[in-house]
Amino acid sequence: MKPTTSIITPSTLSDFQYLLDNTGIQSTCALAQLADDDYLLANDESLANESITEQNSYVWAKDIYGGVSGILDWNTPFKNIFYSNAVLDGLAKSDSAVTERGQYLKGWALFRRAFFMYDLTRNFCKSYDANTASADLGIPIRLKSGIDKIEKRASLQKTFDQIISDLTIAENLLPATRPSANLNRPSKIAVYAMLARIYLEMRNYAQAEIYADKSLNLYDKLIDYNTLSLTATRPFTITNDELIYNTNTVAGYELTATYSLSPSRVVNSLIQSYQTNDLRKPIYFRLSPADGYYTRKYGYAGSGSYPFTGLATDEVYLIKAECLARSGKTTLAMDKLNQLLITRYSNKFVYSPLTANSAAEAMTIILLERRKELVFRGQRWHDLKRFNKEGAQITISRKFMGTLYILPPNDPRWIFPIPDDEVILSGIEQNQR
């Protein structure tokens with residue numbers, strides 16, 4: 001029941017669009033950024049000033065929330081799913097749903113639901129494995145806006161099936177052109193880029209390549225980094241040519257923020273991987289004179305303090321290059337990578353295209369460039385999970401207050417725990433840590 005008569009139930013197409021245009025909640029989980037190995041602390045003592053979730057995430061503790069409730073990393077994606085379902089439920093009752101605008105809004109809502117369902121899945125579930133997905137736990141699948149029914153966790157296979165189904169339907173309802181300004185609004189380009197990302201993480205590289213091609217066939221623009229300021233604190237604009245769909249991580253974690261007093265620093269090994277004439281180093285980072293470490297500049301989407309986690313053409317180029325290398329097409333893989341890299345290097349030098357003598361060597365080069373290109377965009381943690389499923393045996397470690405903390409490959413702590421208050425309220429099964 002309405003607590004007050006002033007509350008309006010959305011019923012018109014304009015109402016539905018206002019709901020979908022609410023970018024204030026369009027944020028993804030930040031836990032993967034907190035836990036990855038691209039940053040370290042300026043000093044040990046500084047962590048004591050951060051939240052309990054940040055402190056525990058930094059050392060991969062089994063309990064990362066410390067009794068704190070209302071965890072945005074879980075709640076905000078579900079809020080986005082609720083908004084999407086409210087629009088879909090409203091359209092199902094609307095005579096205007098069959099109009100061109102109504103169909104567009106339906107595609108938009110389905111895309112947004114799928115995007116945030118997948119964000120929850122990649123953070124709170126195991127990596128996809130076709131052999132075990134029917135038994136592995138997925139997320140609660142919410143397909144209605146009603147809040148009076150508790151949904152248990154579906155299987156991981158059913159979760160992926162629902163996500164892909166939503167995107168497949170959205171594909172036929174969304175425009176083929178990229179919006180020039182409102183990049184919270186999806187297009188077919190975004191659908192294909194999203195499916196390329198999903199199939200890559202599913203390790204279905206043939207399908208990932210197909211959707212990378214579909215996305216690039218519609219939109220393949222890259223920014224020449226020579227046109228960007230090397231000294232600006234915000235080198236990118238909020239509508240820069242590479243952006244396909246805009247999201248960022250949830251707010252509130254200083255360790256992930258572009259914040260003058262943040263104790264986060266970029267790890268030296270990553271900084272040293274950029275060549276002298278690679279413009280990504282001065283564009284992505286700035287030197288901290290106080291301690292000689294590098295910190296990150298404002299994000300790839302040009303605004304906001306928190307990492308960009310949306311979709312962009314550079315990621316799609318990297319997906320295509322990786323899939324080519326995995327299928328043994330070494331020369332084509334390196335050609336695709338060089339199409340990206342030539343836009344990243346200073347034009348004061350003659351760019352020397354990277355080469356590889358084998359598919360394995362191409363893979364090594366491409367995955368390093370993937371890390372350098374997509375740094376602080378919420379991808380590194382999920383890449384490491386995927387590589388370890390491939391048998392890479394990557395262990396990450398941190399030293400803090402004299403103690404060495406180690407996270408072995410495929411350890412249960414690669415999957416984040418569901419917040420305790422959610423488990424208590426709904427009774428859904430907790431992840432083993």
Side-chain angles (χ1 to χ4, degrees), residues 16-17 19-30 32-33 76-77 79-81 83-84 87 104-123 163-164 166-201 208 211-223 236-250 298-304 306-320 373-374 376-379 382:
F16 302 147
Q17 181 157 339
L19 286 176
L20 294 172
D21 264 333
N22 180 0
T23 58
I25 63 165
Q26 197 161 314
S27 301
T28 62
C29 178
Q33 191 67 68
T76 302
K79 188 178 289 187
N80 279 277
I81 293 168
Y83 271 53
S84 300
V87 170
Y104 165 64
L105 292 172
K106 179 180 179 180
W108 183 351
L110 286 167
F111 176 88
R112 187 164 172 174
R113 183 168 76 182
F115 186 94
F116 286 96
M117 282 182 65
Y118 187 65
D119 184 63
L120 288 160
T121 302
R122 73 199 308 220
N123 285 287
I163 292 166
I164 293 171
D166 281 356
L167 291 172
T168 302
I169 298 170
E171 173 192 354
N172 297 316
L173 302 175
L174 292 172
T177 55
R178 168 187 178 269
S180 58
N182 301 95
L183 289 166
N184 63 294
R185 300 174 182 174
S187 62
K188 280 184 171 63
I189 305 161
V191 170
Y192 297 144
M194 188 63 195
L195 284 166
R197 176 188 285 182
I198 290 171
Y199 280 116
L200 187 82
E201 290 188 18
Y211 284 105
D213 282 336
K214 287 189 173 200
S215 183
L216 293 174
N217 286 340
L218 289 178
Y219 191 81
D220 63 355
K221 283 191 178 180
L222 292 170
I223 301 169
F236 299 96
T237 65
I238 60 173
T239 56
N240 80 66
D241 282 346
E242 292 184 8
L243 297 177
I244 296 173
Y245 183 71
N246 270 353
T247 59
N248 54 265
T249 62
V250 294
Y298 280 90
Y300 188 70
S303 68
Y306 298 95
F308 171 79
T309 54
L311 302 164
T313 53
D314 61 342
E315 180 186 350
V316 184
Y317 272 84
L318 288 162
I319 291 173
K320 173 66 175 177
E373 179 72 19
L374 305 183
F376 292 107
R377 281 168 51 180
Q379 299 300 317
H382 306 297

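Side-chain atoms are counted along with the backbone in the values below, which use heavy atoms only and exclude waters and symmetry mates.
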Student check: side-chain heavy atoms of [X] and [Y] closer than 4.5 Å:
| X | Y | result |
| --- | --- | --- |
| Phe308 | Asn248 | no |
| Met194 | Phe111 | yes |
| Val316 | Leu311 | no |
| Leu174 | Lys106 | no |
| Leu216 | Ile189 | no |
| Gln33 | Gln379 | no |
| Tyr245 | Leu183 | no |
| Trp108 | Val87 | no |

Might you point out which heavy atoms bring [X] and [Y] nearest each other, and give the distance in Å?
| X | Y | answer |
| --- | --- | --- |
| Ser27 | Thr76 | O-CG2, 3.5 Å |
| Gly378 | Arg122 | O-NH1, 4.3 Å |
| Ala312 | Ile244 | C-CD1, 3.7 Å |
| Pro77 | Cys29 | CG-N, 4.5 Å |
| Leu110 | Ala170 | CB-CB, 4.2 Å |
| Val250 | Ala30 | CG2-CB, 3.9 Å |

From [X] atom [atom1] to [Y] atom [atom2], the distance as rounded to the nearest 0.5 Å:
| X | Y | atom1 | atom2 | result |
| --- | --- | --- | --- | --- |
| Leu195 | Thr168 | CG | OG1 | 6.0 Å |
| Phe376 | Tyr306 | CZ | OH | 14.5 Å |
| Leu243 | Thr313 | CG | OG1 | 8.0 Å |
| Asn240 | Lys221 | CG | NZ | 11.0 Å |
| Asn246 | Arg185 | CG | CZ | 12.5 Å |

Any chance the side chains of [X] and [Y] put a donor and an acceptor closer than 3.5 Å?
| X | Y | value |
| --- | --- | --- |
| Glu171 | Tyr211 | no |
| Glu201 | Tyr118 | yes |
| Thr309 | Thr28 | yes |
| Asn184 | Asp21 | yes |

Measure from the side-chain N and O atoms of [X] to the backbone N and O of [Y], and report whether any donor-acceptor pair falls under 3.5 Å.
| X | Y | value |
| --- | --- | --- |
| Thr247 | Gly310 | yes |
| Glu242 | Leu222 | no |
| Asn80 | Ile25 | yes |
| Tyr317 | Asp220 | yes |
| Arg112 | Leu20 | yes |
| Thr23 | Gln26 | no |

Salt bridge check: are Asp314 and Arg377 linked by an N-O gap of less than 4.0 Å?
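A salt bridge is present here (some side-chain N lies under 4.0 Å from a carboxylate O).
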What salt bridge (charged side-chain N to carboxylate O under 4.0 Å, His left out) pairs are there with at least one residue in residues 187-200, not counting sequence neighbours?
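Residue pairs with at least one partner in residues 187-200: Arg197-Glu315.
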Applying salt bridge (Lys or Arg N to Asp or Glu O under 4.0 Å), can you list everything that pairs with Asp241, at least two apart in sequence or on another chain?
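Listed in chain order: nothing, the list is empty.
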Glu373: what forms a salt bridge (Lys or Arg N to Asp or Glu O under 4.0 Å) with it, not counting sequence neighbours?
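Glu373: salt bridge (Lys or Arg N to Asp or Glu O under 4.0 Å) contacts with Arg280, Arg344.
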Parallel, tilted or perpendicular: which fits the ring planes of Tyr300 and Phe236, with parallel below 30° and perpendicular above 60°?
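Tyr300 and Phe236: tilted rings.
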